[in-house]
2 protein chains.
Amino acid sequence: MSSQHSRPTSRDVAKAAGVSQSTVSLVLGGKWPGRVSPATAAAVHQAAERLGYRPNRAARSLRLGSTRTVMLVVPTLTATFFGAVYEGAARAAARHGFGVVAYPWPDDAGPADSPFAAAHEAIDGILASSLAEDVLSGFAGVPVVMLDSDPSAEAPTVVFDVQDAMRAIVAHLAGLGHRRFGHVATSIDQWTFHARGRALADAVADVPGATLVREDAALDVAAAKDAAARLLGGPDRPTALVCDDDVMAAGAYKAARARGLEIPRDLSVTGFDDVLLAAALEPELTTVRLPAGELGAAGMDALLRLLEGGRPGSLSLPGELVVRGSTGPAPEAPAPATKAVSTVATGQGRKKA
Amino acid sequence: MSSQHSRPTSRDVAKAAGVSQSTVSLVLGGKWPGRVSPATAAAVHQAAERLGYRPNRAARSLRLGSTRTVMLVVPTLTATFFGAVYEGAARAAARHGFGVVAYPWPDDAGPADSPFAAAHEAIDGILASSLAEDVLSGFAGVPVVMLDSDPSAEAPTVVFDVQDAMRAIVAHLAGLGHRRFGHVATSIDQWTFHARGRALADAVADVPGATLVREDAALDVAAAKDAAARLLGGPDRPTALVCDDDVMAAGAYKAARARGLEIPRDLSVTGFDDVLLAAALEPELTTVRLPAGELGAAGMDALLRLLEGGRPGSLSLPGELVVRGSTGPAPEAPAPATKAVSTVATGQGRKKA
DNA sequence: CTGTTAGCGCCTTCAA
DNA sequence: TTGAAGGCGCTAACAG
């Protein structure tokens, strides 16, 4: 026995199969046809199998100069969304023999360390989600694909079609007769939230006679509650609150309840994300489901293509409006309107009852 | 220029500093004092800095036979809990120059692949959270620390003090006058849930005159709602529902509402975990906060000690009871009791109003 | 105190 | 069709 008790090497396999190392490499690398006899190849495969041989990654990396590892940079892993992104990315990577290491980098922490504290410098490429492009300034030269961030960036991107999703929300609400919209917005400086704000404004502008007021807050329940309370306390109280995120919708629920408003009778509320929370709330939340896993997978596919020398294009994934119990017909005369709201039915509006 | 445009090697640094490679290795490895002159050491450091030198991980791994990488196996990353475990573990690992790769392995998927599809076989140790020990059967020989799982296992473990947490919950509830408890349990076959069930039964048994009924359900809102409904529909309706998880508590809320019961006036509800959900519910949930990040960090510390040849002991982390709005005094005469509930005040009960 | 040397396991010429 | 040899970048013996 040449191998003491540790993992077998290609040498061991060669010895066992009665061939040379290079033959083993050829066969196991799958490029033997036409260069190695089928019989020899079979013998090699068999020996490798029997010995439980697995190539040493470090040695392979050293020789090849590539690590077959991709780093996923996300603001946090403590959010189901990014966990799903990771799982989607890892699945796609595994199909190509790549591994993924997660690197949580809070968005308010400035540019990420280039010389990693975590010793993760051995990387072939970077997948960055929901981060500003300049966060990656320390990684010049490393192939990058950006997820859920400004598609006008240089790197290939994969994003959600936020505009379409917001249009769907507004169409749904407008169809229920709503005209006075409130936007419970998050103040986080991320592309997706800027995009949501813009998309909502655009969509509302397309509804004749519709108005939109906006309040910003941090992305947590308490802050969102305050923002929603401000909206609800203002003149011309909105009949529908469009929230930037399911978490903020939970805050909106609380503000509504504090004001004695019943959802959806007196107020409609929508979210964005469709995480666990949406189904846990009462009534269940009408929201847009964002396919986080697919985002990760599509991003990884693009990155892998990039690593192979290709030039992947940018991509946009559709969200899906999930209508649940938090939206309903606009209340008839919700408040003594000070401004006349001359609503022109656009034809797509369909009121129930 | 010897280096074309790629990363500088220790050779380049040596050349730049006018010394040999081994000196560079010694200096940068921090074991030069007494072997290299301070002046030379300074020169090396400076050259390395100027060139932006970073050691090649693959080469180092190959030489050292260790990868300075640990694998964290978790049931899923799509849960804030495991995301927090990861972050805690990664932080602790980084302090020692270790990296962490996450490996989501659903608990119902049987023993994990030993020869990883994801090519993650290059690993020094394994941290496994909330998994049965036999899931790791394919990794014989690799140092392992188990998190949140049966402490009677062979491997060192880090767990939460479930028993203490449950006692705190029951004490809190009993202090409010509750004697009829319902357990909304999860049917998931994990150590922690078995432990919760046992701990709850024990704690209730210690309250004179107290009773406990139990219903099992999958770990999701809808299933928990059904289970809670069964509990609430049975004879001698419980006045307090102890749920195995915050998610299940959300289901309990729904069941209560469906039955016209108001929380906490007619029914008290408690959770377990204190994730985002607890503060999003209305009223906010009384629950036990489980320090997931600390679990990961403590586990990683233990694993690192194990890798250094030590024999870390097992550890138990305390949870913290967080009292919020979902628990209140037991209703006076909640239902025409068929059994007499002879309540003996234990002296620690303190009713408001 | 510093330099030389060897070899970790793999893949890829090059020669047979 | 197969084997021998070299070297990826690093570290640890061993010389000097």
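First the proteins, then the strands, lettered A, B, ... as listed; each starts at 1.
- Near-neighbour residues of DNA chain C inside residues 29-36 of chain B, defined by a heavy atom below 4.0 Å, number-ordered: Gly34(B), Arg35(B), Val36(B).
- Across the protein-nucleic acid pair, Leu62(B) atom CG and dA6(C) atom P stand 18 Å apart, rounded to whole Å.
- At the phosphate of dC10(C), OP1 or OP2 sits under 4.0 Å from a side-chain N or O atom of Ser10(A).
- The minimum heavy-atom distance between Thr76(B) and Thr78(B), with the atom names listed, is OG1-N, 2.8 Å.
- For Ser37(B) and dT2(C), the shortest distance from a side-chain N or O to OP1 or OP2 is below 4.0 Å.
- Note: NZ (Lys15(A)) to P (dG9(C)) measures 12 Å, nearest angstrom.
- Among the protein residues, Thr40(B) comes within range of the sugar-phosphate backbone only, with heavy atoms under 4.0 Å from sugar or phosphate atoms but none that close to a base.
- The minimum heavy-atom distance linking Val159(A) with Pro151(A) is given by the pair CG1-CG, 4.2 Å.
- Rounded to a whole Å, the CG atom of Asn56(B) is 12 Å from the P atom of dC8(D).
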Listed pairs, N/O of protein and of nucleotides 4-7 of chain D, under 3.5 Å:
from	atom 1	to	atom 2	distance (Å)
dA4(D)	N6	Ser22(A)	OG	3.4
dG6(D)	N2	Arg63(A)	NH1	2.9

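- The separation between Arg11(A) atom CZ and dC8(C) atom C1' is 11 Å, rounded to whole Å.
- Checking Ser130(A) against Asp148(A) by side-chain atom types alone, a donor-acceptor pair falls below 3.5 Å.
- The side chain of Thr9(B) lies closest to dG9(D), out of dG9(C), dA12(D), dG9(D).
- Contact between Thr67(A) and Arg57(A) at its shortest, heavy atoms only, is O-NH2, 3.0 Å.
- The separation between Arg57(A) atom CZ and dC11(C) atom C1' is 16 Å, rounded to whole Å.
- Taking every side-chain heavy atom of Thr23(A) into account, dT2(D) is the closest of dA12(D), dG9(C), dT2(D).
- Every residue two or more places apart in sequence or in another chain that forms a side chain to side chain donor-acceptor pair (under 3.5 Å) with Ser10(A) is listed here: Gln21(A).
- A close approach under 4.0 Å does occur between a side-chain nitrogen or oxygen of Arg60(B) and OP1 or OP2 of dT11(D).
- Here the closest non-hydrogen pair linking Leu62(B) and Ala59(A) is CD1-CB, 3.7 Å.
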Can you give each donor-acceptor pair under 3.5 Å made by side-chain atoms of residues 292-317 of chain A, sequence neighbours left out, with the distance rounded to 0.1 Å?
from	atom 1	to	atom 2	distance (Å)
Ser314(A)	OG	Thr157(A)	N	3.0
Ser314(A)	OG	Thr157(A)	OG1	3.1

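- Residue pairs satisfying the side-chain hydrogen bond (donor to acceptor under 3.5 Å, both in side chains) criterion with at least one member in residues 36-48 of chain B, sequence neighbours excluded, are listed as follows: Ser37(B)-Thr40(B).
- The CZ atom of Phe98(A) sits 6.0 Å away from the OG atom of Ser66(A) when rounded to the nearest 0.5 Å.
- Side-chain contact check for Thr69(A) versus Val101(A): some heavy-atom pair is nearer than 4.5 Å.
- Between the CZ atom of Arg68(A) and the C1' atom of dG9(C) there is a distance of 17 Å, rounded to whole Å.
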Go through the steps to decide whether Tyr103(B) and Val74(B) satisfy the test side chain to side chain contact (heavy atoms under 4.5 Å, CB included), and finish with yes or no. CA-CA 6 Å; Tyr103(B) 191 66; Val74(B) 292; over 6 Å; no
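- Side-chain contact between Tyr86(A) and Pro104(B): present, with at least one pair of heavy atoms (C-beta onward) separated by less than 4.5 Å.
- Each end of the helix from dC1(C)-dG16(D) to dA16(C)-dT1(D) gets its own axis, taken as the rotation carrying the C1' atoms of four end pairs onto the next four within a five-pair window, and the two axes meet at 50° to the nearest 10 degrees.
- In this structure, Leu28(A) places its CG atom 13 Å from C1' of dG9(C), rounding to the nearest Å.
- If you check every strand for non-hydrogen atoms under 4.0 Å, Ser25(A) touches a base.
- Nucleic acid contact class of Leu26(B) (heavy atoms, under 4.0 Å, all strands): none.
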